[in-house]
Amino acid sequence: VYLELNDNGKARALMNEAFATASEINSIEHLSRLSLLAYRLYSNEHNYRCALEYYVKSQEYADSMANEKAQSKVKDVMVDYEREKGNRRVSDITATYNAEKKTKQMILISGIIIVVLLLVFITLLWYSLKMKEKSQKALKRIDQIRTNLLRNITHEFRTPLTIILGLTDLLKKDNVD
C-alpha cells in the first residue's frame, strides 16, 4: 500500500520487518513476494542495481518454490505408489489366504466324506459278515435237521425191512424143509 502511495520510507521499514519475520519462519513464498516488492521499491527509487538483485532473488525463491512443489508432487506420487503397492500386497495376501482357506475347507470336507464312506463300507462289511455267519448257522441247522431226518427215516425203514427179511428167510427155510 505504501509503495502505491510512493511512501518509500514506511514501505522499506515494513518490508524489512516482513523480511525478518519471513526469514524466521523460513517462508520461501513470503520471501519471494517481498523480494518482488523490494524490486518495485528500488525500481521506484531508480536504484536499478538493488532492484536487479531483488528481482533475481525473487526468481530464485520462485524457482525454489517450484522445485519444492515438484518435489512435493514427486513425494506424493511415491507415497501413492507405495500405498497402492501395499494395498496390492494386502489384496494378494488376502486372496492367498482365502484360497488356502478354501483349500483347507475342501480337504476337511473330503476327509469327512472319506471317513463317512469308510464307516459305511465297514458297516456293510460287518453286516455282510453277520449275514454270512447267520446263513452258515442256518445251513448247519438245516444240515443237522436233514441228517436227523435221514437217520430217523433209515431207522424206521430198517426196522420193518429187517422184520420182513427175517420172515422171508424163515419162510424160505420152511419151504425148503
Side-chain angles (χ1 to χ4, degrees), residues 1-140:
V1 172
Y2 290 113
L3 276 176
E4 297 295 326
L5 297 173
N6 287 329
D7 190 356
N8 292 341
K10 284 187 178 182
R12 182 175 286 116
L14 289 174
M15 214 179 306
N16 288 334
E17 188 179 326
F19 265 118
T21 304
S23 294
E24 276 182 37
I25 63 172
N26 199 19
S27 174
I28 295 173
E29 183 178 349
H30 289 101
L31 288 170
S32 174
R33 286 184 188 168
L34 288 170
S35 295
L36 274 176
L37 289 173
Y39 160 74
R40 283 181 50 202
L41 173 71
Y42 286 112
S43 290
N44 286 346
E45 293 177 345
H46 302 290
N47 186 350
Y48 295 113
R49 178 185 270 181
C50 286
L52 180 61
E53 286 178 21
Y54 278 104
Y55 180 76
V56 169
K57 282 185 180 180
S58 74
Q59 291 303 312
E60 287 174 355
Y61 286 134
D63 288 344
S64 179
M65 284 188 329
N67 284 340
E68 279 186 17
K69 285 182 182 178
Q71 286 178 353
S72 177
K73 283 184 181 180
V74 168
K75 285 180 184 177
D76 287 345
V77 167
M78 287 176 62
V79 166
D80 288 344
Y81 172 75
E82 289 297 323
R83 185 179 300 130
E84 184 64 30
K85 188 177 173 183
N87 287 341
R88 270 189 258 123
R89 240 187 251 147
V90 168
S91 175
D92 290 345
I93 290 170
T94 302
T96 302
Y97 171 75
N98 288 335
E100 286 177 1
K101 186 177 175 183
K102 281 185 179 182
T103 302
K104 286 179 182 178
Q105 286 177 344
M106 292 302 293
I107 290 171
L108 178 66
I109 290 170
S110 299
I112 290 172
I113 289 172
I114 289 171
V115 168
V116 167
L117 289 175
L118 283 174
L119 287 175
V120 167
F121 182 72
I122 290 171
T123 303
L124 287 174
L125 280 176
W126 177 79
Y127 180 74
S128 172
L129 287 174
K130 287 294 180 181
M131 292 306 289
K132 187 175 181 180
E133 188 178 300
K134 202 175 195 182
S135 67
Q136 284 179 349
K137 283 182 182 178
L139 284 174
K140 280 183 182 178

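By convention here, the first residue in the shown sequence is residue 1.
In terms of the side chain to side chain contact (heavy atoms under 4.5 Å, CB included) criterion, Leu139 has no residue partners (sequence neighbours excluded). Taking Leu119 as the reference, Val115 meet the side chain to side chain contact (heavy atoms under 4.5 Å, CB included) condition, with sequence neighbours excluded.
Atom CD1 of Ile122 sits about 11.0 Å away from atom CG of Leu117, to the nearest 0.5 Å.
Other residues, nucleotides and ligands contribute only 12 or fewer heavy atoms inside 6.0 Å of the CD atom of Glu17.
Applying the side-chain hydrogen bond (donor to acceptor under 3.5 Å, both in side chains) test to residues at least two apart or on different chains, the pairs with a partner in residues 20-39 are Ser27-His30, Glu29-Arg33. Within the structure, side-chain hydrogen bond (donor to acceptor under 3.5 Å, both in side chains) pairs that include any residue of residues 83-110 comprise Asp80-Arg83 (at least two apart or interchain). Applying the side-chain hydrogen bond (donor to acceptor under 3.5 Å, both in side chains) test to every pair with at least one member in residues 48-77, sequence neighbours left out, gives these pairs: His46-Tyr48. A side-chain hydrogen bond (donor to acceptor under 3.5 Å, both in side chains) check over residues 112-137, counting only residues at least two apart or in different chains, returns nothing.
Residues Leu37 and Leu41 are not in side-chain contact: their nearest non-hydrogen atoms beyond the backbone lie 4.5 Å or more apart.
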